[in-house]
> 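Here it is: the structure, laid out below.
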Amino acid sequence: MSKGTQLWPGDKMRSFFSAHIRRQTSLDDAAAERLAEALTKAVNRMLVWDMPGDVPRTDKAGEKADPAPEIAARHARAENFNPYLFSAIVVLAKQGRDGLIKRLQEIKSAENLRAFAEAQHVPVDTKLRRLDDIRKAIVAAAEQRLADRKAAAS
């Protein structure tokens with residue numbers, strides 16, 4: 001058995017779902033894209049063995065969508081980031097608030113901090129823009145989650 005490919009939420013996962021939906025159903029393009037988008041949002045990561053050929057994404061007018069270069073660069077950076085680099089809860093429990101803040105300093109972009117927070121199940125307000133504010137929100141949410149765990153265990 002060959003080694004699978006791990007997909008994270010983003011363009012590759014959306015294309016994967018879209019390709020399979022288009023091959024297996026008779027949905028129109030708009031419905032297929034909505035379903036692919038919903039599945040991408042619902043799945044955190046997946047391991048696949050059968051990668052379909054790339055299906056070009058189209059916009060509503062049927063023209064080929066051309067993502068802006070900055071969007072492509074952002075996706076490339078996010079795809080190289082592992083949001084499971086460390087466990088926020090474990091670091092907080094073992095090293096405290098300062099230890100978690102120090103570890104979060106290693107993450108240098110807002111996109112990666114948001115991906116980390118989502119993967120670690122610590123909610124962060126989408127309105128936050130500054131890196132330090134996002135880091136503080138992650139720490140506060142992790143502290144709340146740890147407190148909830150301790151309360152449930154008692």
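Since we're looking at a predicted model, the values are computed, not measured. Count residues from 1 along the sequence.
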> Just to verify, what does L39 make a side-chain contact (heavy atoms from CB on, under 4.5 Å) with, not counting sequence neighbours?
F17, I21, L35
> Sorted by first residue and then second, give each ring-ring contact (aromatic ring centres under 6.0 Å, His included) pair with at least one member in residues 124-154; sequence neighbours left out.
none
> Applying ring-ring contact (aromatic ring centres under 6.0 Å, His included) as the test, list every pair that has at least one member in residues 124-154; sequence neighbours left out.
none
> Would you give the length of the straight line joining atom CD1 of I138 to atom CG of L100, rounded to the nearest 0.5 angstrom?
8.0 Å
> How far apart are the closest heavy atoms of I134 and A110, and which atoms are they?
CD1-CB, 3.8 Å
> Would you tell me whether S18 and R22 have side-chain atoms, one donor and one acceptor, within less than 3.5 Å of each other?
yes
> F116: what forms a ring pair (Phe, Tyr, Trp, His ring centres under 6.0 Å) with it, not counting sequence neighbours?
F86
> Other residues, nucleotides and ligands only: do more than 12 of their heavy atoms fall within 6.0 Å of CD on E118?
no
> Are V90 and L146 in one and the same hydrophobic cluster, where Ile, Leu, Val, Met, Phe, Trp and Tyr link if side-chain heavy atoms are under 4.5 Å apart?
no
> Using the salt bridge (charged side-chain N to carboxylate O under 4.0 Å, His left out) rule, collect all pairs that involve residues 86-105, keeping only residues at least two apart or in two chains.
R97-E143, R103-E106
> Within this structure, what is the NZ-CE distance for the pair K41 and M13, rounded to the nearest 0.5 Å?
13.5 Å
> Any side-chain heavy atom of S87 sitting closer than 4.5 Å to one from Q120?
yes
> Under the ring-ring contact (aromatic ring centres under 6.0 Å, His included) rule, what pairs show up with a residue in residues 135-154, not counting sequence neighbours?
none
> Please list all pairs meeting salt bridge (charged side-chain N to carboxylate O under 4.0 Å, His left out) that have one or both residues in residues 145-154, counting only residues at least two apart or in different chains.
none
> With sequence neighbours excluded, what pairs up with Q105 under the side-chain contact (heavy atoms from CB on, under 4.5 Å) test?
I101, D132, R135
> By side-chain contact (heavy atoms from CB on, under 4.5 Å), which residues pair with A137, not counting sequence neighbours?
V124, L128
> For residues A141 and V122, report the shortest heavy-atom separation together with the two atoms involved.
CB-CB, 3.7 Å
> If a pair satisfies ring-ring contact (aromatic ring centres under 6.0 Å, His included) and one of its residues is in residues 131-154, list it, with sequence neighbours excluded.
none
> With sequence neighbours excluded, tell me which residues meet side-chain contact (heavy atoms from CB on, under 4.5 Å) with A31.
L27, D28, R34
> Got a sec, which residues hit salt bridge (charged side-chain N to carboxylate O under 4.0 Å, His left out) with R114, two or more places apart in sequence or on another chain?
none
